[in-house]
Amino acid sequence: MSKRHWLFKSEPTAYSFEDLIKDEVAEWDGVRNYQARNMLRDDVKEGDGVLFYHSNTQPLAVVGTALVVRSGYPDHTAWDVHSEHPDPKSTPGSPIWYMVDLAPDKLFSNPVTRVFMMSNSFLSNMILLKKGTRLSIQPVTKEEFEEVVRMSNSIQ
DNA sequence: GCCAACGTTGGC
DNA sequence: GCCAACGTTGGC
């Protein structure tokens, strides 16, 4: 089983990369989209690499990398009526929603902006850069992951 | 099972 | 603030 790579979106006003650094480990809870759920439940594994992207902000950018430190497990906030995203249909006995745990890896000294990424033809197949995609958990290739890291290092 | 209405995401 | 692109809901 080789390591996979992902891109996780987060609105920094809700949860930023700085928050992740402060917290050291975060339960990536609250994902309520079936496509993203399936990846969290089945495919996102401990040790996988994550590009951490800030959405709905300025500048839009990948701001660092993170590591998956726990593979998919049931999102217990779903059956907590006081949580941000309760779902009464999900129960401990038959969970619907899943999450993983993330830890920060590298904070980019220079964020890789969406505009910069769009200028790089190597990244043209990234789901993030396609029009209208709202998926908050996305697979990226090893090459795309490494290219974004390289772009960050290339910025003066 | 279809599809219109509605709500949300998120770039611009 | 606008609106395109989706996902979900619910009437039929």
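First the proteins, then the strands, lettered A, B, ... as listed; each starts at 1.
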**OP:** Answer yes when Lys22(A) and Glu18(A) have at least one side-chain N-carboxylate O distance shorter than 4.0 Å, and no when they do not.
**Re:** no

Original post:
Under a 4.5 Å cut-off applied to non-hydrogen side-chain atoms, are Phe8(A) and Tyr53(A) in contact?
Top reply: no

Subject >> side-chain N/O Lys131(A) vs dA5(C) OP1/OP2, d < 4.0 Å >> reply: yes

Original post:
Rounded to whole angstroms, how far apart are CD on Gln138(A) and C1' on dG11(B)?
Top reply: 13 Å

**OP:** Using atom CZ of Arg32(A) as one end and atom C1' of dG7(B) as the other, report the distance to the nearest whole Å.
**Re:** 17 Å

Original post:
Between dG7(B) atom P and Asn33(A) atom CG, what is the distance in whole Å?
Top reply: 19 Å

**OP:** Send over the distance from Tyr53(A) OH to dG10(B) C1', rounded to a whole Å.
**Re:** 8 Å

**OP:** Please check if the side chain of Asp23(A) supplies one atom and the backbone of Val25(A) the other of a donor-acceptor pair under 3.5 Å.
**Re:** no

**OP:** Side chain of Arg134(A) only, please: which of dT8(B), dG11(B), dC12(B) is the nearest?
**Re:** dT8(B)

**OP:** Could you tell me the separation between the CD atom of Glu11(A) and the P atom of dT9(B), rounded to a whole number of Å?
**Re:** 7 Å

Original post:
Is there a side-chain polar atom (N or O) of Arg114(A) under 4.0 Å from OP1 or OP2 of dC12(B)?
Top reply: yes

**OP:** Figure out the CG/C1' separation between Leu128(A) and dT9(B), and round it to whole Å.
**Re:** 13 Å

Original post:
In whole angstroms, how far is the P atom of dG10(B) from the NZ atom of Lys130(A)?
Top reply: 17 Å

**OP:** State whether Asp75(A) and Arg32(A) are salt-bridged, where the test is any N-O pair (Lys NZ or Arg NE/NH1/NH2 against Asp/Glu carboxylate O) under 4.0 Å.
**Re:** yes

Original post:
To the nearest angstrom, how far is Lys9(A) atom NZ from dG10(B) atom C1'?
Top reply: 7 Å

Subject >> Side-chain N or O of Tyr34(A) closer than 4.0 Å to phosphate OP1/OP2 of dC6(C) >> reply: no

